[in-house]
Amino acid sequence: SLQRPPTVTSAQINLRQNFDALAIFSPSVVTDANGKATVNIKLPDNLTRYRITAVAVTKSKQFGRGESNITAKQSLQVRPSAPRFLNFGDKAEIPVVVQNQTNSPMTISVAIRASNAILTNGNGRKVTIPANDRAEISFAVASEKAGMATFQIGAVGGNFTDAAQISFPIYTPATTESF
């Protein structure tokens with residue numbers, strides 16, 4: 001059973017794990033008497049730019065289209081890049097981009113926790129990242145058994161925190177024999 005990464009303050013670190021590419025699809029929204037409509041959106045945990053597209057249609061066959069963007073970001077970000085899968089017995093690197101989006105350099109402690117995988121070169125790193133810059137660190141892993149491998153990566157730098165969870169399957173490779 002995986003737990004949230006430990007905290008350094010009284011507040012918990014928000015574990016980002018919903019990385020859906022589509023924030024919302026609302027195919028039928030009715031406007032009010034002034035022609036305005038409101039759609040409430042809870043963004044997924046992706047720290048990225050979302051494109052918002054609206055298409056309006058009247059009963060008299062008139063239509064219009066509008067587009068805008070919204071960017072979700074935070075001062076400290078961890079962005080793991082997982083492979084699509086591993087086979088039993090594979091070894092791999094889990095790269096993690098750590099991003100400092102503040103105007104000051106930041107020393108950041110990064111830790112990883114694994115379920116159904118073995119961390120073969122430690123589970124923590126410390127990195128100093130200049131203002132508005134990023135660094136990539138990696139964690140060596142080996143698959144443990146067939147099933148799902150889950151990783152939680154947490155980062156703490158000053159008063160800022162971030163954590164992300166990723167999962168991918170570990171397969172038993174199929175073999176063939178010929179006689």
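No experiment lies behind these values; they were computed from the predicted model shown.
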Side-chain contact, heavy-atom cut-off 4.5 Å: [X] with [Y]?
| X | Y | value |
| --- | --- | --- |
| Phe139 | Phe151 | no |
| Gln101 | Arg134 | no |
| Ile94 | Pro83 | yes |
| Leu86 | Phe168 | yes |

Hey, quick one: are Val55 and Val29 part of the same hydrophobic cluster, counting side-chain heavy atoms closer than 4.5 Å, chains of contacts allowed? no

**Report entry** Hphob cluster co-occupancy, Ile52 + Val39, side-chain heavy atoms under 4.5 angstrom
**Finding:** yes

Just by distance, with hydrogens left out, do [X] and [Y] show a side-chain donor and acceptor under 3.5 Å apart?
| X | Y | result |
| --- | --- | --- |
| Asn132 | Asn100 | no |
| Ser60 | Thr58 | yes |
| Thr102 | Ser75 | no |

| field | Exam field: side chain Gln74 to backbone Leu76, donor-acceptor pair closer than 3.5 Å | value | yes

- Message: Can a donor-acceptor pair be found, under 3.5 Å and without considering hydrogens, that links the side chain of Asn116 to the backbone of Lys145?
- Response: yes

Value for NZ (Lys91) from OG (Ser143), rounded to nearest 0.5 Å, stands at 9.5 Å

- Message: Apply side chain to side chain donor-acceptor pair (under 3.5 Å) to residues Thr150 and Ser167 and explain how you reach the verdict.
- Response: CA-CA 4 Å; Thr150 301; Ser167 298; 3.0 Å; yes

The side-chain contact (heavy atoms from CB on, under 4.5 Å) partner of Ile108 among Val98, Asp162, Thr161 is Val98

ask   = Which word best sums up how the rings of Tyr171 and Phe85 line up, parallel for under 30°, tilted for 30 to 60°, or perpendicular for over 60°?
value = tilted

